[in-house]
Amino acid sequence: VINTVHQFHQKNEKVPVKDICASFQKATVDVLVENTVDAAIAAGVKTICLAGGVSTNGFLRKSFEEACGKPGIEIFYPPPALCTDNAAMIASAAYYSFVKNEFSGMDLNAKPGLKLGER
């Protein structure tokens, strides 16, 4: 995307933002849906569940519904109001640690599987 935008800038042409966004969304959704459905078929999985912030995307939902209907895979996703990412939960947890004056040192390293309360 950045290369495409740079090309428009280098040619002093107007960047077609809506077209670029739509194309990027379609390409991304196509890959997500195709790979997920192919993996489900290969593994014999009959149910797929979308979750997280990205699952609020209506085009993604519609694409999954269409792709899952052909091989008979069920697709589930919560209402958009419940499709949030982890940021709010992590911010809330950080707030309570802050209130208790619990801080980590500057030597703390990223651990993606770390559970709340562990350091």
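Every residue meeting the side-chain contact (heavy atoms from CB on, under 4.5 Å) condition with Thr28, not counting sequence neighbours, appears here in chain and number order: Phe24, Leu32. Residues passing the salt bridge (charged side-chain N to carboxylate O under 4.0 Å, His left out) test with Glu65: none are found, sequence neighbours excluded. Remark: Phe103 pairs with Phe98 by the ring-ring contact (aromatic ring centres under 6.0 Å, His included) rule, at least two apart or across chains.
Each salt bridge (Lys or Arg N to Asp or Glu O under 4.0 Å) pair with one or both residues in residues 30-59, not counting sequence neighbours, appears once here: Lys26-Asp30. Identified under the ring pair (Phe, Tyr, Trp, His ring centres under 6.0 Å) test for residues 32-79, with sequence neighbours left out: none.
Residue Pro71 comes nearest to Cys68 through the heavy atom pair CD-O, 3.4 Å, listed as atom of the first residue, atom of the second, then distance. The minimum heavy-atom distance linking Pro80 with Thr56 is given by the pair O-CG2, 3.7 Å. Annotation for Gly52 and Cys83: closest pair O-CB, 3.4 Å, computed over non-hydrogen atoms.
The shortest distance between side-chain heavy atoms of Val45 and Ile73 does not fall below 4.5 Å. Val37 is not listed as a side-chain neighbour of Lys70, based on a closest heavy-atom distance of 4.5 Å or more.
Within the model, atoms CD1 of Ile75 and CG of Leu60 stand 8.0 Å from one another, a figure rounded to the nearest 0.5 Å. Summarising the geometry, atom OG belonging to Ser55 is positioned 9.5 Å from atom CG belonging to Leu82; distances are rounded to the nearest 0.5 Å.
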Which atom pairs, donor and acceptor, lie under 3.5 Å between side-chain atoms of residues 8-15 and protein residues at least two apart or in another chain?
none

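Linking ILVMFWY side-chain heavy atoms closer than 4.5 Å, directly or via other members, places Val17 and Val5 in a single hydrophobic cluster.
Checking side-chain atoms of Ser23 against main-chain N and O of Ile20 turns up no donor-acceptor pair under 3.5 Å.
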